[in-house]
Amino acid sequence: MFLINCPFCGEREQSEFKAGGEAHIVRPKQPTELSDDEWAEYLFMRKNIKGIQFERWNHVHGCRKWFNMVRDTSNDQIKAVYKMGEKPPVK
Amino acid sequence: MKNKYSIFSLIKNAFSYHENWEKAWKDPEPKKEYDAVIVGGGGHGLATAYYLAKKHNMKNIAVVEKGWIGGGNTGRNTTIIRSNYLWDASAGLYDHALKIWEGLSQELNYNVMFSQRGVMNLAHNLQDVRDLKRRTHANRLNGIDAVYLNTEEVKKFCPIINTSQDIRYPVLGGTLQRRAGTARHDAVAWGYARGADEMGVDIIQNCEVKGIKRNGDTVEGIETTKGFIKTKKIGVVAAGHSSVIANMAGLKLPLESKPLQALVSEPVKPIIDTVVMSNAVHAYVSQSDKGELVIGAGTDDYVSYSQKGSHDIVEGTLNAILELYPIFSRMRMLRQWGGIVDICPDASPIISKTSIKGLYFNCGWGTGGFKATPGSGDLFAHTIANDEPHKLNAAFNINRFVSGDLVDEHGAAAVAH
């Protein structure tokens, strides 16, 4: 349980949000030209990092908007929150 | 040769105040080289080592564990064992495990307290009823015992369930697998450790893997906190940390690691003599031999390695438990904890070779790995020893995420993952 600072609504409880998995996975531009391996990579393979991870969240019980988050998955500390389309503020 | 545990050894040791029992396993330092190294000293890892030594005559092997054996998810699960899975591949895998469970205490000379008290899965809406009936038929076609119960039969089998049709999610029926049940989770790890140790397997605790050394596409050994260990075969059984190990070898796995919580109540007299699981409201409960109610909650939806889950998950589970069992309304909870489970997109495990020669993965068990411990160890040992999967785990290869031939148990199994 932790608090999330929604970029649109401010600080709310994590239970108001839905995690959307790893961020910055680029949708293939030419899906018809993808090999099976590339599809598997895009659809299923995940970094699943223990440490600093970039991920997407949705404030489902609030403004219902998507945004990005940088979080340390080893202790659930949030390092940064930023809007969709923005560059991550930390490396 | 270890002394056999028996009524006579118990009496003999009673005379010396139980102070002279021999150690169940040694605490060796790692050798320079092994024929195979198993990463992860949980039930699955120790079972793998046991069957490698026993069935495949690989005695020069080691199990490395970063903490203490059985201290991860083996010691954190809710000990439920069943094999009533929908698809043929899963049914084969889990029933293989259940058949080994049935003779495990005798085989290991270690009481794993396997208790076939039955597992009942409840239906709360019409779709549940259809799904559970379909699964019952599928199970019976695969030779797995299963019966469908109507509401009255559910009430008869477990009288404390609230079968009032006025509650938010009324009980419309359920399935029962009588061969299913529970076992003592720690004993499984300890029994396999003792058996493996007796055959010469080195069980090395407090030894964390820091890197995997590769020469091209072949493994050469592992870097650990106790130095480099040379080996040609590495079997990774690291549960929630599988991706961490895979990243060391430059591999990516189709896994997400999430917290799964469980809790136990204060101990009370026997009140529930079976295991009851409810998919729709996600609550399951059984009673341990100590008298505690053992309650399983769900996973959080975010990736975390913190071994802590969110409070609202526990709250949701307890709400469901109280509606189904009003008799528990004044029970106090004693302990709550979290484990990190590695979940595949199809919620089925991976027991497989990889693109790197000599590197094998047994992972992705998600929320339901304990029940498979003996079968998983047996099949993973076969895969490592022969460099080929057994026919029972062939479907659980890592390439299914490329071919699309998934074993889609998500929601089709007896409880939602």
Side-chain angles (χ1 to χ4, degrees), chain A residues 1-6 11-26 28 31 34-62 64 66-81, chain B residues 66 208 238-248 250-259 261 298-316 336 338 340-348 350 354-355 363-364 397-406 408:
Chain A
M1 181 70 106
F2 42 87
L3 295 173
I4 295 175
N5 192 14
C6 171
E11 205 161 68
R12 300 291 177 87
E13 280 186 14
Q14 170 262 320
S15 57
E16 289 189 14
F17 297 81
K18 172 105 181 103
E22 194 179 318
H24 306 299
I25 297 174
V26 181
L34 247 49
S35 68
D36 288 353
D37 280 319
E38 288 165 330
W39 268 123
E41 181 74 20
Y42 169 68
L43 284 175
F44 298 127
M45 300 301 165
R46 294 292 177 263
K47 290 180 189 153
N48 196 24
I49 289 168
K50 182 180 186 178
I52 302 293
Q53 167 155 299
F54 297 83
E55 51 195 23
R56 300 176 304 175
W57 284 74
N58 186 355
H59 194 180
V60 280
H61 299 299
R64 300 178 63 194
W66 285 90
F67 59 94
N68 290 316
M69 187 192 291
V70 188
R71 188 171 55 95
D72 188 338
T73 60
S74 65
N75 56 17
D76 293 335
Q77 277 183 12
I78 298 168
K79 302 293 178 190
V81 171
Chain B
K66 75 170 173 179
E208 185 174 354
H241 281 70
S242 298
S243 297
V244 176
I245 307 279
N247 290 343
M248 291 176 190
L251 282 182
K252 254 170 133 182
L253 295 173
L255 297 175
E256 286 195 310
S257 297
K258 297 176 175 180
Q261 297 179 85
T299 53
D300 279 292
D301 65 350
Y302 53 88
V303 169
S304 178
Y305 289 84
S306 64
Q307 291 192 328
K308 285 182 287 195
S310 299
H311 185 71
D312 56 300
I313 301 281
V314 172
E315 193 180 8
Q336 168 273 344
I340 301 304
V341 297
D342 45 328
I343 302 175
C344 270
D346 59 356
S348 288
I350 296 168
T354 64
S355 55
C363 59
N397 65 69
I398 206 163
N399 273 338
R400 71 177 189 265
F401 297 98
V402 176
S403 69
D405 190 11
L406 304 179
D408 195 1

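Note: hydrogens, waters and symmetry copies are ignored here, and every other heavy atom, side chains too, is used. Naming convention: chains lettered A, B, ... in sequence-line order (proteins, then strands); numbering from 1 in each chain. In this text, all values refer to a predicted model and were calculated from it rather than measured experimentally.
Atom CH2 of A/W57 sits about 6.0 Å away from atom CG of B/D301, to the nearest 0.5 Å. A distance of 10.0 Å separates NE2 of B/H241 from CG of A/N48, quoted to the nearest 0.5 Å. Expressed to the nearest 0.5 Å, how far CD of B/Q307 lies from CG of A/D76 amounts to 11.5 Å. Once rounded to the nearest 0.5 Å, the distance linking CD of A/Q77 with OG of B/S306 reads 11.0 Å.
Of all the listed residues (B/L253, B/L251, B/D342, B/N247), the one sharing the greatest number of non-hydrogen pairs under 4.5 Å with chain A is B/L253.
Summarising the local packing, NZ of B/K252 is surrounded by more than 12 heavy atoms from other residues, nucleotides or ligands at distances under 6.0 Å.
Contact annotation: the side chain of B/V303 never approaches that of A/E22 to less than 4.5 Å [non-hydrogen atoms, C-beta and beyond]. A 4.5 Å side-chain heavy-atom check between B/S304 and A/R71 finds at least one atom pair inside the cut-off.
Between the side chains of A/S15 and B/D312, no donor N or O sits under 3.5 Å from an acceptor N or O.
Closest of all the heavy-atom pairs between B/Y305 and A/I49 is CE1-O, 3.2 Å. Nearest approach of A/F44 to B/P345, heavy atoms of both residues: CD2-CG, 3.5 Å. Between A/A40 and B/F401, the shortest heavy-atom distance links the atoms CB-O, 3.2 Å. In terms of heavy-atom proximity, A/Q14 sits nearest to B/S310 at OE1-OG, 2.7 Å.
Both the backbone and the side chain of B/L255 come within contact range of chain A, judged by heavy atoms closer than 4.5 Å. Residue A/E41 touches chain B through its side chain alone, counting heavy-atom pairs closer than 4.5 Å.
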